[in-house]
Amino acid sequence: MSLTIYNTLSRSKEDFKTLEPGKVRMYVCGPTVYAESHIGHAMSALVFDIVRRYLEYSGYDVNFVMNFTDVDDKIIAKANDLGRDPFELANQYINQYKANLDGLNVLPATKNPRATEDMPQIIEMISQLIRNKSAYQVDGDVYYSVESKPDYGKLSGRRLDTMNAGSRVQVDERKEHPMDFALWKSAKPGEPAWNSPWGKGRPGWHIECSAMNMAHLGEQIDIHGGGNDLIFPHHENEIAQTEAITHKTFATYWMHNGMLGLKSEKMSKSIGNMITIDQFLSEHPGDVMRLWVLNGSYRSPLTYSEEVIEQTEQTYHRLLNAKKPALPGAAGLPEDKATALKNAAEQARNAFKESMDDDFNTSAALAAIFELVRTLNQARSDGATEAQLLPAREAFKELTGVLGLQLEEQSGSANAADPFIDLLVSLRRDLRAEKNWALSDKLRDELKALGVTLEDSKDGTTWNWEQG
RNA sequence: GGCGACGUGGCCAAGCGGUAAGGCAAGAGUCUGCAAAACUCUCAUCAUGGGUUCAAAUCCCAUCGUCGCCUCCA
């Protein structure tokens, strides 16, 4: 049993083999920071966080690089509108995005390079491309020549001759081929600019990723990821640029997540139909977003609706409830049942791995976790002790952890009130003993309103802070 | 127009040739003073129409529908 990954390049699942034994070099295209990030970005970040976590769980040492595009036309335009410094603006959105990722429990990348910090590498690559005739200079601009690369289009399955047909975009007359794209753009007055052999200017969008890959991961990487809207032209062009220099396969596996949509329309910063990550996280735990992504397959589109989020919220509670302690007066399980529980834990692990090994089938992996949850709950109802529950509990914690789920009760400052709640619960116990249902129910209702949930059972009362 | 993905129960969703995982919701029951949680049981023949096969949700063709890319986009 080994990991297979769907490779956009071959449009099929392939066995996963790393360039270097035990090590994974992975690059994911981060956002262009000209606006707040939305839950579509969150989906992408979560998908690759899960990939990264599972690779690490499988024993790989993962070098995970995610970049920030911090210089670009839109950033400049927006900064001008606001009368602000573009670098400062980019910085603000970068910090916010990092905070968002943290709120989603996305592990920090090994590195977060920025375009503006790798300028020497970018200029060096462009120079090499000009030298080997893959690029040409026109005035202060530099363009990549798509015709210089015979296999241009191999990732997206496009061919130069068929692409022209539908193109109704205004083409720059100075380009040798309409599909040629900018590696270097000469600066207009007032724009941020760097010195280069071609005059003052800034890099095109695609070259920065090639350069940052080269600078931080080397000539070849194992996995390159991003949203499937990046397949063309961005990733296609990255391949063209890098391979024109190295003459080696750039990335072995190209992984692309599906788009997240709002009412069947892609969520997009430029369209303006978006729910920001901040907005989402102010209403739901990060785990809910993650669970929503895990419920489906990363390559398929996801459509936002209140109903689906509500369902996911319920699912989340089921997972939280699985963490409840053994019943207060648990008598213990007979030996054979305790053993069965232990076996169920192992089965869950195996089913989980098998699913994840199949191109990160998180939906099936979750199913394995839910089977374990049922077994766990069954055992608890049957009176298992905490010690007997332990093996299943550990497996549960391990597997949900691999998926990046936190499943933490919201406590925080609540701890300070705990003794008082214990006191109230204890008083209520006396009321119930006297069958004073009116008062004890009132107490339960009012505590509920304060965010404390009481649950009575034959053997006593347990309570929890409101979850979610 | 070109390229690609998809259409599975009320909702989300797995499955990739051998007679439909899981979650939510719903109904019945157990437990309980009640409530909550949990547990048990019930709930689909896979867009439509053809075809291939001993056997198809799974392969092929057609039709209808949805979505993405082809221009900045996770």
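So that the names make sense, note that chain A is the first sequence line, chain B the second, and so on, each numbered from 1. If you're wondering where the values come from, they're calculated on a predicted model, not measured in any experiment.
Here Trp437(A) counts as stacked on rG33(B): its ring centre is under 5.5 angstrom from the base ring centre and the planes meet at under 30°.
Across all strands shown, rG7(B) pairs with rC64(B); the Watson-Crick or G-U wobble distances both stay below 3.5 Å. Applying the Watson-Crick and G-U wobble criteria (two distances, each under 3.5 Å), rU45(B) pairs with nothing in any strand. Base pairing annotation: rU53(B) forms no Watson-Crick or G-U wobble pair, as no partner gives both donor-acceptor distances under 3.5 Å. Nucleotide rU71(B) forms no Watson-Crick or G-U wobble pair with any nucleotide shown, as no partner meets the under 3.5 Å limit on both distances. Pair assignment for rA21(B): none, as no Watson-Crick or G-U wobble contacts are both less than 3.5 Å. Searching all strands for a Watson-Crick or G-U wobble partner of rG33(B) with both distances below 3.5 Å returns nothing.
Near-neighbour residues of RNA chain B inside residues 372-379 of chain A, defined by a heavy atom below 4.0 Å, number-ordered: Arg374(A), Asn377(A), Gln378(A). Within a heavy-atom distance below 4.0 Å of RNA chain B, the residues of residues 41-48 of chain A found are His41(A), Ser44(A).
Judged by distance alone, with hydrogens and angles left aside, Asp73(A) brings no side-chain donor or acceptor close enough to the base of rC72(B) to form a pair under 3.5 Å. The base of rG33(B) sits within donor-acceptor range of the side chain of Arg432(A), with an N or O pair under 3.5 Å.
A distance of about 22 Å separates the C1' atoms of rA28(B) and rG33(B), rounded to the whole Å.
Shortest non-hydrogen contact noted between Val308(A) and Trp292(A) is CG1-NE1, 3.3 Å.
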Donor-acceptor contacts under 3.5 Å from residues 338-347 of chain A side chains, at least two apart:
residue, atom, partner, partner atom, Å
Thr339(A), OG1, Glu335(A), O, 2.9
Glu346(A), OE1, Arg349(A), NH1, 3.1

Only distances under 3.5 Å count here; give the side-chain donor-acceptor pairs of residues 100-108 of chain A to other protein atoms, sequence neighbours excluded, each with its distance to 0.1 Å.
residue, atom, partner, partner atom, Å
Asn100(A), ND2, Asp278(A), OD1, 2.8
Asn105(A), ND2, Gly404(A), O, 2.9

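Arg202(A) has a carboxylate O that lies under 4.0 Å from a charged side-chain N of Asp73(A), or vice versa, which qualifies the two as a salt bridge. In summary, Lys78(A) and Asp81(A) do not engage in a salt bridge, as defined by a charged side-chain N under 4.0 Å from a carboxylate O.
Between the side chains of Trp463(A) and Asp418(A), not a single donor N or O lies within less than 3.5 Å of an accepting N or O. Judged purely by distance below 3.5 Å, without hydrogens or angles, the side chains of Ser186(A) and Asp141(A) pair a donor atom with an acceptor atom.
Here Gly225(A) lies out of heavy-atom contact (under 4.0 Å) with every strand. The residue Ile231(A) sits apart from the nucleic acid: no heavy atom pair falls under 4.0 Å. When heavy atoms are screened at a 4.0 angstrom cut-off, His38(A) is found touching base atoms of the nucleic acid. Residue Thr462(A) is out of contact with every strand shown, counting any heavy-atom pair closer than 4.0 Å. Nucleic acid contact class of Glu371(A) (heavy atoms, under 4.0 Å, all strands): sugar-phosphate only.
From Arg428(A), atom CZ reaches atom CG of Leu447(A) across 8.5 Å, with rounding to the nearest 0.5 Å. Annotation: the span from Thr8(A) atom OG1 to His256(A) atom NE2 amounts to 4.5 Å, rounded to 0.5 Å. Taking OG1 of Thr4(A) as the reference point, atom CG of Asp358(A) lies at 5.0 Å (rounded to 0.5 Å).
Taking every side-chain heavy atom of Arg444(A) into account, rG33(B) is the closest of rA74(B), rG33(B), rA25(B). Checked against rG33(B), rA36(B), rC72(B), the side chain of Glu455(A) finds its nearest nucleotide in rA36(B). Nearest to the side chain of Lys324(A), among rA37(B), rC24(B), rA74(B), sits rA37(B).
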### Task
Kindly determine whether Leu291(A) and Leu366(A) satisfy side-chain contact (heavy atoms from CB on, under 4.5 Å), including the steps that lead there.
CA-CA 9 Å; Leu291(A) 212 40; Leu366(A) 265 189; 4.1 Å; yes

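Residues in residues 221-233 of chain A take part in these salt bridge (Lys or Arg N to Asp or Glu O under 4.0 Å) pairs, two or more places apart or across chains: Asp229(A)-Lys266(A).
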### Task
Scan nucleotides 3-16 of chain B nucleotide by nucleotide, 5' to 3', and note B when protein non-hydrogen atoms come under 4.0 Å of the base, S if they reach only the sugar-phosphate, - if neither.
S-------BBSSS-

